[in-house]
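What follows is one structure encoded as structure tokens, with my remarks underneath.
Ligands are counted one by one from 1 in listed order, and the atoms in each one are counted from 1 as well.
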Amino acid sequence: MILSEDHLAVQDAVRAFVQAEIAPHAAAWDKTHQFPAEQLKGLAQLGCYGVAVPPEYDGAGLDYLALAVILEEIAAGDGGTSTVVSVNNCPVCSILMAFANEEQKQEFLKPLARGDMLGAFCLTEPHVGSEAGGLKTVAVREGDDYVINGVKQFITSGKNGDVAIVMAVTDKAAGKKGISAFLVPTKTPGYTVARIEEKMGQHSSDTAQILFENCRIPARYRLGEEGQGLKIALSGLEGGRIGIASQSVGMARAALEAAIAYAKERVSFGQPIFQHQAIQFKLADMATQVEAARQLIWHAASLKDAGRPCLKEAAMAKLFASEMAEKVCSAAIQVLGGYGYVNDFPVERIYRDVRVTQIYEGTSEVQKILIGRALAL
Ligand SMILES: CC(C)(COP(=O)(O)OP(=O)(O)OC[C@H]1O[C@@H](n2cnc3c(N)ncnc32)[C@H](O)[C@@H]1OP(=O)(O)O)[C@@H](O)C(=O)NCCC(=O)NCCSC(=O)CCS(=O)O
């Protein structure tokens with residue numbers, strides 16, 4: 001599949017911004033754990049916060065293919081920054097587009113798509129990850145309010161975000177059909193950042209544990225109907241997985257490009273190591289894997305843009321791209337030898353940044369469950 005002129009123009013614009021304003025800072029942010037607030041504003045101005053949100057809701061009015069292209073570019077500059085943008089687009093904006101009422105769209109979707117707000121997605125809990133239907137957080141209706149109590153874990157932008165989509169149990173007896181979804185502004189009393197995780201990589205994005213203690217929100221902040229929460233969450237993760245897959249390709253591409261550049265400079269046995277077949281074949285394999293993953297992602301995104309089912313294809317894209325990316329980043333380290341293992345070169349950081357793509361927004365094992373279910377039909 002090839003990109004249209006319009007998609008190529010988007011790719012060029014975002015690549016130019018990322019290479020000038022983000023990539024040069026990625027190593028420093030990795031060390032200082034700095035949140036790239038200023039650069040995120042620049043990405044918002046380019047339309048990266050609400051890529052597939054229509055212009056009437058202040059989005060860029062593009063599509064999921066454009067989102068895939070954009071996230072690859074951002075991730076090629078910095079993995080953590082791409083995660084922040086990815087979550088804001090999908091699941092957050094995508095859920096609001098599909099399930100928010102007009103009042104909620106005006107209050108939340110518009111600022112999220114413009115970049116005046118940043119979104120977070122609160123599904124995972126300390127003891128509930130892959131089994132999304134097993135949540136413990138509760139939301140109890142009290143008159144015109146809901147009161148939320150519980151703990152959410154591994155929440156991207158849990159600290160720096162302005163509004164979170166929170167899944168909580170409203171009817172325990174109804175099991176998976178007793179979960180509801182809520183919009184919770186993060187300044188609401190009872191929303192507390194309990195801790196920021198010390199992660200292996202992606203240090204420029206905050207990953208927080210959030211405590212909900214008698215967190216009272218108006219009932220008008222419920223998304224959809226009571227009991228629709230799991231469906232809302234899982235539908236948002238479908239597009240989110242295309243986003244994470246795109247990030248994986250972006251990071252793998254950056255590692256591949258670093259390996260090629262190094263191989264052309266580094267001389268051994270009288271010639272650049274690029275000329276050694278052992279290295280050139282490795283680079284050829286890496287490039288092929290990156291392109292194969294990209295094509296799976298673009299295929300899934302195109303299905304979504306055409307309004308066709310893509311749960312299986314999104315799962316395949318995430319599974320393949322995230323597993324591919326770790327292998328390609330590891331191979332990049334091998335090409336650089338000792339220099340790949342130290343932080344003078346970017347591949348060591350990218351290898352750490354990319355590892356989580358096999359875990360967040362559904363582990364590789366969860367993707368296999370989804371693919372297996374589709375094969376059983
Ligand atoms: C492992 C699972 C796939 C198991 O799912 P379940 O069997 O418990 O759920 P289902 O019965 O399949 O679905 C429930 C309900 O939702 C509807 N559904 C499912 N997918 C979609 C979709 N793509 N679009 C629309 N609707 C959908 C389905 O039809 C059912 O509705 P009905 O009963 O038919 O009305 C699942 O638990 C799973 O995916 N687990 C992984 C969870 C996950 O990815 N967690 C990570 C969260 S994000 C995170 O890690 C934090 C990082 S960040 O900040 O993003």
Side-chain angles (χ1 to χ4, degrees), residues 64 71 79-80 82-95 97-99 118-135 137 151-161 163-167 169 174-181 186 193 196-197 199 202 205-210 223-245 247 300 303-304 307-319 322 355-374 376-377:
Y64 281 88
L71 289 173
S82 69
T83 295
V84 174
V85 177
S86 186
V87 170
N88 194 75
N89 275 279
C90 228
V92 176
C93 283
S94 64
I95 284 178
M97 277 197 292
F99 295 98
L118 180 63
F121 177 71
C122 294
L123 177 65
T124 303
E125 299 183 354
H127 302 289
V128 182
S130 293
E131 188 195 352
L135 302 184
T137 296
V151 187
K152 293 290 177 178
Q153 185 77 12
F154 304 136
I155 307 304
T156 302
S157 304
K159 172 169 170 275
N160 290 304
V163 62
I165 295 178
V166 179
M167 266 53 66
V169 176
K176 290 196 286 189
K177 295 227 183 268
I179 296 171
S180 304
T186 59
V193 178
I196 300 291
E197 303 298 343
K199 297 173 296 185
Q202 298 214 7
S205 90
D206 69 285
T207 303
Q209 185 188 63
I210 308 295
L223 281 162
E225 299 301 320
E226 271 201 9
Q228 264 194 310
L230 185 58
K231 186 188 189 75
I232 291 173
L234 296 183
S235 75
L237 286 171
E238 182 181 283
R241 286 164 185 163
I242 296 174
I244 304 298
Q247 290 181 251
L303 287 174
K304 192 155 181 71
R308 297 196 17 210
C310 68
L311 186 60
K312 178 186 75 182
E313 289 76 8
M316 285 175 163
K318 183 181 185 287
L319 172 66
S322 60
R355 180 62 179 84
V356 74
T357 60
Q358 293 167 64
I359 300 171
Y360 60 8
E361 300 205 8
T363 60
S364 290
E365 291 72 19
V366 163
Q367 308 313 318
K368 287 180 191 177
I369 290 175
L370 291 168
I371 297 163
R373 281 182 179 183
L377 292 177

### Message
Looking at atom 30 (C) of ligand 1, tell me if a protein heavy atom falls under 4.0 Å from it.
### Response
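Within 4.0 Å: no protein heavy atom nearby.
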### Query
Is the shortest distance from atom 46 (C) of ligand 1 to a protein heavy atom below 4.0 Å?
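There is a protein heavy atom less than 4.0 Å from atom 46 (C) of ligand 1.
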Is the closest N or O pair between [X] and ligand 1 shorter than 3.5 Å?
| X | value |
| --- | --- |
| Gln153 | no |
| Ala132 | yes |
| Glu238 | yes |
| Gly362 | yes |

Enumerate the atoms of ligand 1 whose separation from the nearest heavy atom of [X] is less than 4.0 angstrom.
| X | answer |
| --- | --- |
| Lys176 | 6 (P), 7 (O), 8 (O), 9 (O), 11 (O) |
| Lys177 | 32 (P), 33 (O), 35 (O) |
| Leu311 | 23 (N) |
| Leu370 | 3 (C) |
| Leu237 | 43 (C), 44 (O) |
| Thr124 | 46 (C), 47 (C), 49 (C), 50 (O) |
| Val87 | 55 (O) |
| Phe154 | 51 (C), 52 (C), 54 (O) |

#### Entry: Any residue meeting side-chain contact (heavy atoms from CB on, under 4.5 Å) with Val84, in chain and number order, not counting sequence neighbours
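With sequence neighbours excluded, Val84 shows a side-chain contact (heavy atoms from CB on, under 4.5 Å) to Phe35, Leu40, Leu118, Ser157, Ser205, given in chain and number order.
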### Task
Might you work through the side chain to side chain contact (heavy atoms under 4.5 Å, CB included) test for Val366 and Arg241, ending with a clear yes or no?
CA-CA 11 Å; Val366 163; Arg241 286 164 185 163; 4.2 Å; yes
Check each of [options] against [atom] and report the one with the nearest heavy atom.
| atom | options | value |
| --- | --- | --- |
| atom 39 (O) of ligand 1 | Lys231, Gln367, Glu365, Arg241 | Arg241 |
| atom 36 (C) of ligand 1 | Ala164, Pro309, Ser130 | Ser130 |
| atom 21 (C) of ligand 1 | Thr156, Leu234, Ile232 | Leu234 |
| atom 22 (C) of ligand 1 | Ser235, Gly158, Ser157, Gly133 | Ser235 |
| atom 5 (O) of ligand 1 | Glu125, Glu131, Arg373, Lys152 | Arg373 |

Ignoring hydrogens, what is the shortest heavy-atom contact between [X] and [Y]? Give both atom names and the distance.
| X | Y | value |
| --- | --- | --- |
| Gln247 | Ser82 | NE2-OG, 2.8 Å |
| Thr124 | Gly129 | CG2-CA, 4.1 Å |
| Leu319 | Ser364 | CD1-CB, 3.6 Å |
| Gly158 | Val193 | O-CG2, 3.8 Å |

### Query
How far apart are the C-alpha atoms of Ser94 and Asn89, what are their side-chain angles, what is the distance that settles it, and do they pass the side chain to side chain contact (heavy atoms under 4.5 Å, CB included) test?
CA-CA 6 Å; Ser94 64; Asn89 275 279; over 6 Å; no
### Query
Are Glu197 and Gln153 close enough that some pair of their side-chain heavy atoms sits under 4.5 Å apart?
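They are in contact (side-chain heavy atoms under 4.5 Å apart), so the answer is yes.
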### Note, Ile95 side chain near Phe121 side chain (heavy atom, < 4.5 Å)
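The answer is yes; the side chains approach within 4.5 Å.
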Show me the donor-acceptor pairs, under 3.5 Å and distance only, between side chains in residues 229-240 and residues at least two apart or in other chains.
{"from": "Ser235", "atom 1": "OG", "to": "Lys231", "atom 2": "O", "distance (Å)": "3.3"}
{"from": "Ser235", "atom 1": "OG", "to": "Ile232", "atom 2": "O", "distance (Å)": "2.9"}
{"from": "Glu238", "atom 1": "OE2", "to": "Lys304", "atom 2": "NZ", "distance (Å)": "3.1"}

### Message
Using side chain to side chain contact (heavy atoms under 4.5 Å, CB included), reason through Thr207 and Tyr360 one step at a time and then give a plain yes or no.
### Response
CA-CA 11 Å; Thr207 303; Tyr360 60 8; over 6 Å; no
### Top protein contact for atom 55 (O) of ligand 1, by heavy-atom distance
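Going atom by atom, the protein heavy atom closest to atom 55 (O) of ligand 1 ends up being Glu361 OE2, 2.9 Å.
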### Message
Working note: Ile244 + Ser322, criterion side chain to side chain contact (heavy atoms under 4.5 Å, CB included); need CA distance, chi angles, decisive distance, verdict.
### Response
CA-CA 8 Å; Ile244 304 298; Ser322 60; 5.6 Å; no
